Amino acid sequence: MSVKPEEFFKHVISHSKEYGFIFQSSEIYDGLSAVYDYGQLGAELKKNIRDYWWKAMVQLHENIVGIDAAIFMHPTTWKASGHVDAFNDPLIDNKDSKKRYRADVLIEDHVAKIEDKIEKEVEKARKKYSGIDSSNPKEKDSKRLLTKEEVSYIKFDEQLFRSTNARVLEYQKKIEDINNRFKTALNDNNLEEVKQIIVDLEIVCPISGSRNWTEVRQFNLMFSTSMGSVSEDANTIYLRPETAQGIFVNYLNVQKTGRMKIPFGIAQTGKAFRNEIVARQFIFRMREFEQMEMQFFVKPGTEMQWYEYWKEARLKWHLSLGLGKEKYRYHDHLKLAHYANAACDIEHEFPFGFKELEGIHSRTDFDLKQHEQFSGKKLQYFDPEENKSYVPYVVETSVGLDRLFLSVLSSALKEEKLENDTRTVLSLPPALAPYKAAVFPLVKKDGLPELAENIFNNLKFDYNVAYDEKDTVGKRYRRQDAIGTPYCITIDHQSLEDNTVTVRLRDTMQQFRIKTEELHSFLEPRVSLTGLLKTL
RNA sequence: GCGGAAGUAGCUCAAUUGGUAGAGCUCCAGCCUUCCAAGCUGGAGGUUGCGGGUUCGAGACCCGUCUUCCGCUCCA
């Protein structure tokens, strides 16, 4: 594509709106930032993607079942999961460099610097006392090797040094003071105090080097609302920031009632909410979005092989959409979240670059252990093979449905140069296309519309089919190209005589005649999800 | 939240130093009957994102505000 990525992305957005895939939320009221609605075609495409995921996970794996947990959950859920703490970041801006920092990170970095100083003191002392400066080869060479006894005799006692040296103790005290002060400030939700700590510590911005800070602001990344009709006894509850916790709290219910044996999985699709500081890039990062998650419960010690299994299986699923192998890649996380012992992303090349599409995480037994602790309920599995109980480990696959939608839409949209014309084509995988086929009478007379309607009414029970009799047939083809309809079926005068129709292909514009009664068997293998599922 | 750009009909865009808001496509009703957009006739559609100000007069100038895009920042 010759157009710039930025221009192309704008084209994707306007195409989405123009053909009824995606509208901005509450547009007549100037819209609501980072919230979008799916229109008549968008809802179809989204549903088809969701169905394909659901069938690939639940229907094709007899050890995976699906649930639909509520968005509202008991508030303690989010304490146990770590979201209440982890989702509350105090942020501060430097007015000169315009850079934003997490206030806690600034303070932690400052503490780390002091710790460095202590290490330097220790290092200095070590050299001094041991009489051996390993960094100075000259000195090393000039001395004979010490005997073991001698070494132990003059060996530097680091523990003792750390607990007695005045300078180290002074640094240590500083660190403790800062930490205590900071902890108290956070517990009291005292943001002025947090700011004051930064001022008192004379922390400077690494970029501008200035101490010109804004106030510290709290960004609560979870949406909260209140349950209970009377405000006095209202309980603050959160809109879930991830669907996974609905699976964890139901893990034992499902395991017992479904008589599930480890390894087994629980899948779920549903809305999640995150109050992003900056939500941007169309539907890539929205405040309200839909996740498709599967938590796979495994025997401790086997998690890495399942992690590898799902890493591979999920990439295969993405590749089956046929949008181009080169548009996907793995990205292994080096820095892991508090609950994970391995994590990677499957990234997709969006118009604005490679970005995270799906995450595969080995979450250990962190979540279930946390819920055991907070709920006081045992969340263990009795393994008959081992003849003992344990808390299972979890391997998670988590994909954003909206991101997936955007990946499909932006990869499928093409401007095709013809001889003296350009054609806008949405080359969606046929099984995901909103309309599987469109039925046209070549002209709007001579009984052609009636026959076309018959054919339409026949197909509509199995497929979402469009009917159009307006404008020239070429125009109608182009309209269907733009919304991704893979097949157009045109009824002409010959159809009245021999019961054949013209099938026209979206991607090649090729056309050929087939018998009317063959339409169903022609479409079925090409447009059904079954066809896609069989490639997995 | 900061900086930059933008917002005119469903879509793409015009409108001279401030002087009556326009075109093409789309849409609707007909004509024509055509297998790959752009044939003919007629019609609908806008309080120029919103609110204020300057002016005899604002789409244009000024202030505020909302939204979008780009960059910074963040991302379980």
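Remember, predicted model here, so these are calculated numbers, not experimental data. Below, chains carry the letters A, B, ... as their sequence lines are ordered, and counting in each starts from 1.
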Does the structure place the NZ or CZ of A/Arg240 under 6.0 Å from the centre of the six-membered ring of A/Phe72, at an angle of no more than 45° from the ring's axis?
no
Does the ring of A/Trp317 carry A/Arg314 above it, NZ/CZ under 6.0 angstrom from centre and within 45° of its axis?
yes
Could you measure between the two [atom1] atoms, the one in [N] and the one in [M], and give it in whole Å?
N     : M     : atom1 : result
B/C27 : B/G45 : C1'   : 9 Å
B/A38 : B/G7  : P     : 32 Å
B/G18 : B/C61 : C1'   : 8 Å
B/G43 : B/G4  : C1'   : 44 Å
B/A14 : B/G51 : P     : 24 Å
B/G57 : B/G24 : P     : 34 Å
B/G52 : B/C25 : P     : 37 Å

Produce the list of close N/O pairs, under 3.5 Å, pairing protein atoms with atoms of nucleotides 5-12 of chain B; give distances to one decimal.
unit_1, atom_1, unit_2, atom_2, d
B/C11, OP1, A/Lys17, NZ, 2.8

Quick one: which residue pairs count as a side-chain hydrogen bond (donor to acceptor under 3.5 Å, both in side chains) with a foot in [range], not counting sequence neighbours?
range                       : value
residues 404-413 of chain A : A/His348-A/Ser411
residues 436-456 of chain A : A/Asp446-A/His493
residues 71-80 of chain A   : A/His74-A/Thr76

Mate of B/G7 where both pairing distances stay under 3.5 Å, Watson-Crick or G-U:
B/C66
Which residues share a ring-ring contact (aromatic ring centres under 6.0 Å, His included) with [X], sequence neighbours left out:
X        : value
A/His331 : A/His333
A/Tyr309 : A/Trp306
A/Phe289 : none

Quick one: the side chain of A/Arg285 and the base of B/C75, do they pair up donor-acceptor inside 3.5 Å?
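Result: at least one qualifying N/O pair found.
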Given the structure, check if the side chain of A/Arg274 and the base of B/C75 hold any donor-acceptor pair shorter than 3.5 Å.
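No pair found.
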What parts of residues 438-452 of chain A reach RNA chain B, counting only heavy atoms under 4.0 Å away?
A/Leu442, A/Val443
For a ring-ring contact (aromatic ring centres under 6.0 Å, His included) with A/Phe352, tell me which candidate from A/Phe282, A/Phe8, A/Phe284 qualifies.
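Checked A/Phe282, A/Phe8, A/Phe284 against A/Phe352; only one passes ring-ring contact (aromatic ring centres under 6.0 Å, His included): A/Phe284.
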Take the protein atom [atom1] of [X] and the nucleotide atom [atom2] of [N], then report the distance between them rounded to whole Å.
X        : N     : atom1 : atom2 : result
A/Phe23  : B/U68 : CZ    : C1'   : 17 Å
A/Asn275 : B/C74 : CG    : P     : 17 Å
A/Asp507 : B/C36 : CG    : P     : 18 Å
A/Asp468 : B/C27 : CG    : C1'   : 13 Å
A/Arg287 : B/C74 : CZ    : C1'   : 12 Å

Considering every strand and a 4.0 Å limit on heavy-atom distances, what is the contact class for A/Lys470: base, sugar-phosphate, or nothing?
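Sugar-phosphate: the residue A/Lys470, judged by heavy atoms under 4.0 Å, touches backbone atoms but no base.
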So what does A/Phe284 touch, heavy atoms closer than 4.0 Å: a base, only the sugar-phosphate, or nothing?
nothing
Side-chain N or O of A/Arg479 less than 4.0 angstrom from OP1 or OP2 on B/C27?
yes
Below 4.0 angstrom from OP1 or OP2 of B/U68, is there any side-chain N or O of A/Gln24?
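Yes.
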[X]: what forms a side chain to side chain contact (heavy atoms under 4.5 Å, CB included) with it, not counting sequence neighbours?
X        : result
A/Ile514 : A/Val501, A/Val503, A/Phe512, A/Glu518, A/Leu519, A/Phe522
A/Arg50  : A/Lys46, A/Lys47, A/Thr269, A/Glu290, A/Met292, A/Leu401
A/Glu372 : A/Lys378, A/Leu379, A/Gln380, A/Val391

So, for A/Arg274 and A/Pro241, which heavy atoms are closest and what is the spacing to 0.1 Å?
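Scanning both residues completely, I find the closest heavy atoms to be NE-O, 2.9 Å.
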Residue mapping more 5' on RNA chain B - nearest nucleotide basis, A/Leu32 or A/Arg513
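Residue closer to the 5' terminus by nearest nucleotide: A/Arg513.
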Look at the side chain of [X] and decide which nucleotide, out of [options], has an atom nearest to it.
X        : options             : result
A/Ile13  : B/C28, B/C69, B/C35 : B/C69
A/Met509 : B/C69, B/C36, B/C35 : B/C36
A/Asp471 : B/C27, B/U68, B/C69 : B/C27

Can you tabulate the close N/O pairs, meaning under 3.5 Å, that link protein atoms to atoms of nucleotides 39-44 of chain B?
none

